[in-house]
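Comments concern the structure below.
Per chain, numbering begins at 1; letters A, B, ... match sequence-line order. Because the structure is a prediction, the values reported are computed rather than measured.
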Amino acid sequence: MREELLRLIENNSRIDTKELAKMLNVTEVDILNELSKLESENVICGYFTLIDWEKISVEKVTALIEVRVTPQRGQGFDKIAERIYNYPEVKSAYLISGGYDILVILEEKSLKEIASFVSDKLSTLESVLSTATHFILKKYKDMGTILEKQHDDDREVIS
Amino acid sequence: MTYNLSEKVLNIKPSGIRKFFDLVAERKGVISLGVGEPDFNTPWHIRDEGIYAFEKGRTFYTSNSGLKELRIEICNYLHRKFHLTYEALTETLVTVGGSEAIDLAFRALINEGDEVIIPEPCYVSYKPCAILANAKPVVIDLKAENDFRLKASELRNAITDKTKILVLAFPNNPTGAIMERKDLEEIAKVVIEKNIYVVSDEIYAELTYKGKHTSIAEINGMKDRTILINGFSKAYAMTGWRLGYACGPKEIIQQMTKIHQFAIMCAPTVSQYAAVEALKNGDSDIEMMKEAYNQRRRFLLNSFKEMDIPCFEPYGAFYVFPCIKKYGMTSEEFAMKFLEEENVAVVPGTAFGDSGEGFLRISYAYSIDNLKVAMEKLKSFIAKLKQ
């Protein structure tokens with residue numbers, strides 16, 4: 001039930017526990033116990049809402065920043081990654097194979113704020129060799145979800 | 001002008017589903033639990049293959065029997081999933097949905113006056129197709145106490161010296177019933193002893209929730225007397241692509257192909273190319289959809305339990321078949337009243353045969369949110385009935 005439960009809430013964290021219990025043929029208490037276990041094991045790391053800010057005209061600028069760094073003796077990339085991800089502006093940080101080392105996703109209110117984060121904070125870190133910043137122009141799909149409203153049920157009502 | 005039409009056709013009753021559909025179609029904002037097709041879109045990689053076929057200009061007829069590549073993949077699939085061995089070139093025919101295959105099978109086998117045994121409740125097309133092929137349909141009323149499975153004794157009682165075909169449609173629309181290997185073995189004994197054919201409509205074969213589906217063609221001695229019918233509609237959510245197939249002894253498939261050739265020519269070409277992709281790379285799509293169906297199935301069964309509505313546990317397809325006898329209404333009255341008062345559409349069991357009286361077909365090819373709202377409406381409807 002563990003994996004199936006996770007698959008269910010992965011796409012809908014608001015689904016209520018009573019419903020989950022019925023769908024998985026267990027009691028609601030079982031669901032609550034399993035969820036708190038998963039939370040305490042840090043398998044479930046958080047519950048979030050996918051918001052398309054553009055639809056309510058709130059300015060948000062998202063940038064992907066490729067960062068090349070020098071790994072540190074004994075600590076590899078983890079130490080420098082920590083220096084980067086601790087900034088609250090950093091939305092995501094991944095260690096990446098290929099042409100650069102760390103991919104940083106940044107979300108700010110303006111282009112200027114992103115520019116100043118990169119030049120003042122990120123680039124000045126000792127082990128950072130270079131950065132390349134890419135701004136996101138349009139979001140089509142995020143977290144497995146297409147942001148444009150999908151069409152309704154087109155089926156005949158009875159068949 | 002008066003039209004002088006075929007008596008045989010005029011005498012066929014219109015589908016009970018159709019009748020209810022017309023009622024529902026007049027209303028606005030109906031929450032429907034009435035569909036017999038998946039709510040999922042055809043998986044993108046399959047649609048994309050269809051688009052690619054269009055781009056490549058693959059828009060001509062295929063051979064009458066269907067693309068060779070598709071027939072080979074069908075046989076690979078049947079072998080991989082159900083341990084069935086068919087020859088792609090002589091024992092496999094690609095049709096316009098499973099429905100066409102049913103019609104072809106009847107027309108290829110039946111001589112005037114032959115009897116076709118049809119266990120009901122079942123999908124609405126077997127009886128009319130049998131009549132159109134000049135057969136006499138003989139109905140077996142399946143019983144709720146047997147979980148709507150066909151029993152060997154019921155079959156034995158229905159067989160006469162005119163019996164030609166037994167229609168088996170499991171996993172079943174509308175009941176959701178399945179037949180397990182032990183059930184099929186009992187049926188096979190009678191079929192072989194009485195020397196009749198089986199037309200086995202296994203369109204819901206992928207959607208079982210208690211072990212894997214067994215085809216009757218897999219039971220010893222049955223392959224030579226079985227026409228297996230399957231298709232892409234339910235397993236891959238491809239209803240509108242209109243693609244199915246039949247497998248069976250080459251002597252029968254050959255005659256079915258003859259009718260298909262003159263009546264249809266060939267199944268839609270683009271659909272056939274998309275279907276190749278479905279068979280090659282679609283297993284994980286099926287698993288994903290099946291898991292969702294199963295969650296909804298359990299959700300509905302648990303909701304009925306809470307409301308104290310009796311319902312046997314259906315292990316197949318995407319229907320539940322609750323019993324509403326205790327409310328003192330016929331299926332049709334219940335469905336009508338439920339529609340009028342709560343604007344929820346369910347199909348009366350009687351649309352699938354007289355033995356569906358006292359039952360409703362509820363489809364769970366809907367999102368869980370939709371089902372949740374519908375169950376709340378059912379709850380308030382029943383509460384009002386009790387007052």
Side-chain angles (χ1 to χ4, degrees), chain A residues 1-39 43-44 47-52 55 138-159, chain B residues 15-27 29-39 41 124 173 209 233 237 239-240 288 291-306 313 335 339 344-348 351 361 363-372 375:
Chain A
M1 126 151 142
R2 201 160 226 238
E3 276 174 46
E4 198 173 350
L5 174 62
L6 286 170
R7 279 198 293 274
L8 270 169
I9 61 168
E10 186 174 24
N11 292 313
N12 182 4
S13 58
R14 288 192 71 204
I15 188 164
D16 78 51
T17 47
K18 216 180 267 158
E19 214 167 299
L20 283 168
K22 280 157 97 179
M23 291 166 81
L24 298 173
N25 227 8
V26 294
T27 65
E28 198 182 356
V29 176
D30 293 336
I31 296 285
L32 292 169
N33 287 342
E34 191 63 31
L35 284 175
S36 62
K37 228 161 139 197
L38 286 161
E39 283 163 20
V43 176
I44 295 175
Y47 300 88
F48 301 96
T49 309
L50 182 60
I51 298 169
D52 187 356
K55 292 208 177 96
K138 184 174 180 179
K139 283 186 187 170
Y140 296 102
K141 189 176 183 181
D142 213 353
M143 306 291 291
T145 305
I146 297 168
L147 301 182
E148 273 307 305
K149 195 173 188 314
Q150 298 296 289
H151 62 93
D152 296 331
D153 195 338
D154 292 334
R155 296 174 295 170
E156 300 280 344
V157 281
I158 304 264
S159 62
Chain B
S15 146
I17 294 188
R18 190 72 226 172
K19 188 175 141 200
F20 208 70
F21 172 81
D22 292 338
L23 285 169
V24 175
E26 287 168 18
R27 304 177 67 94
V30 174
I31 295 173
S32 176
L33 300 179
V35 301
E37 62 177 325
D39 57 315
N41 278 325
V124 294
N173 171 9
Y209 313 103
S233 296
T239 46
M288 180 276 288
E291 180 171 287
Y293 288 136
N294 197 11
Q295 287 159 359
R296 301 162 184 184
R297 184 185 72 97
R298 293 185 294 226
F299 176 79
L300 288 183
L301 288 174
N302 284 314
S303 300
F304 294 152
K305 212 180 277 171
E306 280 174 8
E313 182 163 4
L339 179 66
V344 179
V346 296
V347 185
R361 186 192 77 170
S363 163
Y364 49 88
Y366 291 96
S367 72
I368 199 79
D369 291 338
N370 197 324
L371 294 176
K372 197 176 156 192
M375 285 305 106

Here's a test: name every donor-acceptor pair under 3.5 Å between chain A and chain B, with the distance for each.
{"from": "A/Glu4", "atom 1": "OE2", "to": "B/Gln295", "atom 2": "NE2", "distance (Å)": "2.9"}
{"from": "A/Glu4", "atom 1": "OE2", "to": "B/Arg298", "atom 2": "NH2", "distance (Å)": "2.9"}
{"from": "A/Arg7", "atom 1": "NE", "to": "B/Glu291", "atom 2": "OE1", "distance (Å)": "3.3"}
{"from": "A/Arg7", "atom 1": "NE", "to": "B/Glu291", "atom 2": "OE2", "distance (Å)": "2.8"}
{"from": "A/Arg7", "atom 1": "NH2", "to": "B/Glu291", "atom 2": "OE1", "distance (Å)": "2.4"}
{"from": "A/Arg7", "atom 1": "NH2", "to": "B/Glu291", "atom 2": "OE2", "distance (Å)": "3.4"}
{"from": "A/Asp16", "atom 1": "OD2", "to": "B/Lys372", "atom 2": "NZ", "distance (Å)": "3.1"}
{"from": "A/Glu19", "atom 1": "OE1", "to": "B/Lys372", "atom 2": "NZ", "distance (Å)": "2.7"}
{"from": "A/Lys22", "atom 1": "O", "to": "B/Phe299", "atom 2": "N", "distance (Å)": "3.4"}
{"from": "A/Lys22", "atom 1": "O", "to": "B/Asn302", "atom 2": "ND2", "distance (Å)": "2.8"}
{"from": "A/Lys22", "atom 1": "NZ", "to": "B/Ser303", "atom 2": "OG", "distance (Å)": "3.0"}
{"from": "A/Lys22", "atom 1": "NZ", "to": "B/Glu306", "atom 2": "OE1", "distance (Å)": "3.3"}
{"from": "A/Met23", "atom 1": "O", "to": "B/Arg298", "atom 2": "NE", "distance (Å)": "2.6"}
{"from": "A/Met23", "atom 1": "O", "to": "B/Arg298", "atom 2": "NH2", "distance (Å)": "3.2"}
{"from": "A/Asn25", "atom 1": "OD1", "to": "B/Asn302", "atom 2": "ND2", "distance (Å)": "3.0"}
{"from": "A/Arg155", "atom 1": "NH1", "to": "B/Glu37", "atom 2": "O", "distance (Å)": "2.8"}
{"from": "A/Arg155", "atom 1": "NH1", "to": "B/Pro38", "atom 2": "O", "distance (Å)": "3.4"}
{"from": "A/Arg155", "atom 1": "NH1", "to": "B/Ala365", "atom 2": "O", "distance (Å)": "2.9"}
{"from": "A/Arg155", "atom 1": "NH2", "to": "B/Ala365", "atom 2": "O", "distance (Å)": "2.9"}
{"from": "A/Val157", "atom 1": "O", "to": "B/Ser32", "atom 2": "OG", "distance (Å)": "2.4"}
{"from": "A/Ser159", "atom 1": "N", "to": "B/Gly34", "atom 2": "O", "distance (Å)": "3.2"}
{"from": "A/Ser159", "atom 1": "O", "to": "B/Gly36", "atom 2": "N", "distance (Å)": "3.2"}
{"from": "A/Ser159", "atom 1": "O", "to": "B/Arg361", "atom 2": "NH2", "distance (Å)": "2.9"}
{"from": "A/Ser159", "atom 1": "OG", "to": "B/Gly36", "atom 2": "N", "distance (Å)": "2.9"}

Contact leader toward chain A among B/Ile368, B/Val346, B/Leu300, where contacts are heavy-atom pairs under 4.5 Å: B/Ile368

Side chain / backbone / both / neither for A/Leu8 at chain B, heavy atoms under 4.5 Å: side chain

Side chain, backbone, both or neither of B/Ala351 within contact of chain A (heavy atoms, under 4.5 Å): neither

Gap separating the CZ atom of B/Phe299 from the CG atom of A/Leu24, nearest 0.5 angstrom: 11.5 Å

Side chain to side chain contact (heavy atoms under 4.5 Å, CB included) involving B/Leu23 - partner list, sequence neighbours excluded: B/Phe20, B/Met336

Proximal component of B/Val347, with respect to chain A [non-hydrogen, under 4.5 Å]: side chain

Greatest number of heavy atom pairs closer than 4.5 Å to chain A - which of B/Ala25, B/Ala365, B/Gly34: B/Gly34

Interatomic spacing from CG in B/Leu301 to CE in A/Met23 - rounded to 0.5 Å: 13.0 Å

